[in-house]
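Data block below; observations after.
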Amino acid sequence: MIKTTRTTLNYLTGILTTIIFVFPEVIRAQSEEVAEIVTDSLFRVDRINALIFVVVFCSAILLYTKWAKAGKPLFLRKIPGLDAVEEAVGRATEMGRPVLFIPGIAELDEIETIAGVSILGRVAKITAQYDTPLMVPVRYPLVLAAGQEVVEQAYIEAGKQDSYDKDSVRYVAGEQFSFTATVNGYMMRERPATNIYMGAFFAESLLLAETGNAAGSIQIAGTARPEQLPFFIAACDYTLMGEELYAASAYLSREPIMTGGLKGQDFVKMLIIVAIIIGVLLATFDVGEWYIHLFEEV
Amino acid sequence: MSGWEIFQVWLVAFLTLALFSFMYKDNPIYRIAEHIFAGLTAGYQVGLIWDTIILQQVWVPMTSGQWWVVIPGILGMLMFTRFSSKYSWVSRSSLAFVMGATAGIFLISELHGRVLPQIQDTMVSLSGEGGFGATMLSIIIVIGVISTLIYFYFSKEHKGALGVTARVGIWFIMISFGAHFGYTVMGRVSLLIGRMQFLIEDWIGSFI
């Protein structure tokens with residue numbers, strides 16, 4: 001308890017020190033003359049607001065991770081789509097059909113793909129436990145390598161290394177619609193019982209989801225692309241919207257690092273809400289323009 | 001139209017109809033088009049990566065004195081260790097580099113590109129100076145942003161006041177999705193019109 005309090009105090013002192021000593025610099029840097037001077041320097045003083053945000057963000061995540069590792073119970077609300085994952089894999093097992101998992105169609109340098117690959121690890125662990133065939137078509141070689149790594153790891157963790165099939169994660173095609181055409185053909189021929197789409201999707205989202213629907217599969221989708229989400233909502237049984245995709249991995253694994261990260265993000269969201277409310281009040285009473293400039297994007 | 005051009009138009013029309021045939025059901029004609037499509041893409045990608053990445057981004061800079069491109073080159077080469085069951089673990093360092101760098105870069109780019117502008121643009125005056133319409137719009141923006149943020153708050157059960165706010169948030173999200181849906185459908189319809197124009201004007205027009 002004393003140790004946790006001390007750690008909390010250390011973090012808070014760090015944050016407060018940053019705010020007290022660095023904020024005046026931010027305000028100073030907002031003046032155009034200074035901003036012009038600092039642009040060429042090694043340290044962008046005008047971007048210090050981003051630094052403060054990152055420090056607060058990382059501190060919150062580290063603090064919650066520490067708490068999670070110490071065994072402090074951290075509550076996460078239910079996300080309906082994720083509760084359905086295990087049920088859907090169970091259905092595939094009963095029907096003797098495969099589970100199709102698509103970690104999006106973007107490269108590994110997209111954060112949604114990383115989230116998708118991370119969820120793939122959790123899904124692969126369930127398929128390994130149930131001995132359910134898993135099929136993961138990918139569009140990029142790096143996603144292929146990452147996918148193979150996490151699926152193999154999941155099978156090892158489930159104690160089913162011998163059941164791991166390297167070809168379960170396979171490169172299909174490098175072009176968006178040839179990938180879609182191939183996966184659609186696979187869906188109609190193999191009729192997977194469960195289709196899980198988690199990652200970055202574009203114009204092919206409805207083509208995939210509609211074909212999966214026609215094949216009679218249970219479908220769970222998740223993406224952070226607002227323009228594709230309506231199609232998934234229309235054609236899938238469950239949809240994870242936006243940040244739910246990033247929360248999914250923490251929710252499924254309940255690992256301290258992941259849970260701590262999610263709780264830290266929630267804390268920052270609350271800070272943002274408070275910051276917005278203060279800003280709205282100041283703007284309404286036409287005072288504190290300096291405060292609004294703290295959030296200037298440079 | 002020359003004989004070669006007519007052949008091209010017929011080939012494209014055949015492939016278009018073959019892919020459209022999937023709307024009826026999976027069939028051998030669709031499979032032919034699917035395999036041609038996937039095979040051509042694979043071949044094209046090999047050529048594209050060889051030219052735009054290996055030659056233009058690694059070989060040419062390296063031979064002109066930019067020796068530091070060797071570092072990403074080596075990281076790329078490490079991926080070939082995946083062919084060996086004994087040394088495949090070495091490739092993980094390349095993967096870890098890409099995944100770590102992505103997370104770091106995205107944190108800053110999203111912060112600058114979305115988070116900070118969104119926060120600042122939400123700090124609007126509700127004093128009514130701009131007239132009734134502008135004030136209502138500002139109220140909608142503030143309520144929309146805050147309630148949507150609350151919807152994505154995972155640390156508490158959505159019950160009571162938090163639940164009501166989250167429900168308002170989901171309404172805002174759904175209205176936004178409706179607008180996106182309509183906008184995207186319009187785009188898809190224009191793509192269909194483009195294909196139909198090709199079939200009617202270029203293909204049917206070539207023999208009528």
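Residue numbers start from 1 in every chain, and the chains themselves are labelled A, B, ... in the order their sequence lines are given, proteins ahead of strands. Everything numeric here is computed off the predicted structure, so don't read it as measured data.
Of all the heavy atoms in Y30(B) and A181(A), the pair that sits closest is OH-O, 2.7 Å. When all heavy atoms of G185(A) and E34(B) are compared, the pair lying nearest together is CA-OE1, 3.7 Å. In terms of heavy atoms, H180(B) sits closest to P230(A) at CB-CG, 4.1 Å. Listed here is the closest heavy atom pair of V124(B) and V280(A): O-CG1, 3.6 Å.
When the candidates S127(B), G187(B), A33(B), G113(B) are compared by the number of heavy-atom contacts under 4.5 Å with chain A, S127(B) comes out ahead.
Contacts of I141(B) with chain A are absent, with no heavy-atom separation under 4.5 Å from either backbone or side chain. Interface remark: E110(A) contributes backbone and side-chain atoms alike to the contact with chain B (heavy atom separation under 4.5 Å). For L74(A), no part lies under 4.5 angstrom from a heavy atom of chain B. Heavy atoms of I79(A) lying under 4.5 Å from chain B belong exclusively to its side chain. With a threshold of 4.5 angstrom between heavy atoms, L262(A) approaches chain B through side-chain atoms but not through N, CA, C or O. Both the backbone and the side chain of L126(B) come within contact range of chain A, judged by heavy atoms closer than 4.5 Å. With a 4.5 angstrom heavy-atom cutoff, F177(A) touches chain B via backbone and side-chain atoms both. Contacts of F57(A) with chain B are made by side-chain atoms alone, with heavy-atom separations under 4.5 Å and no backbone atom involved. For Y291(A), the part lying near chain B is the side chain, with the backbone staying farther off; criterion is any non-hydrogen pair under 4.5 Å. Contacts between T113(A) and chain B at a heavy-atom distance below 4.5 Å are absent for every atom of the residue. With a 4.5 angstrom heavy-atom cutoff, A250(A) does not touch chain B via any of its atoms. Of the two parts of A247(A), only the side chain, counted from C-beta on, holds a non-hydrogen atom closer than 4.5 Å to a non-hydrogen atom of chain B.
Distance alone, capped at 3.5 Å, is enough to place a donor-acceptor pair between the K269(A) side chain and the F152(B) backbone. The main-chain N or O of F267(A) is never found under 3.5 Å from a side-chain atom of Y153(B) such that the two would form a donor-acceptor pair.
Looking at heavy atoms from C-beta onward, L142(A) lies in side-chain contact with M79(B) at the 4.5 angstrom threshold.
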Evaluate the side-chain contact (heavy atoms from CB on, under 4.5 Å) criterion for residues I277(A) and V142(B): first the C-alpha distance (whole Å), next the side-chain angles of each, then the deciding distance (0.1 Å), finally the verdict. CA-CA 8 Å; I277(A) 293 169; V142(B) 174; over 6 Å; no
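Aromatic rings of F231(A) and F181(B) (six-membered ring for Trp) have centroids within the 6.0 Å cut-off, being under it.
Both the sub-6.0 Å distance and the 45° axial angle are satisfied by R77(A) relative to the ring of Y151(B).
Among the residues in residues 95-103 of chain B, those with a non-hydrogen atom closer than 4.5 angstrom to a non-hydrogen atom of chain A are L95(B), V98(B), M99(B), T102(B), A103(B).
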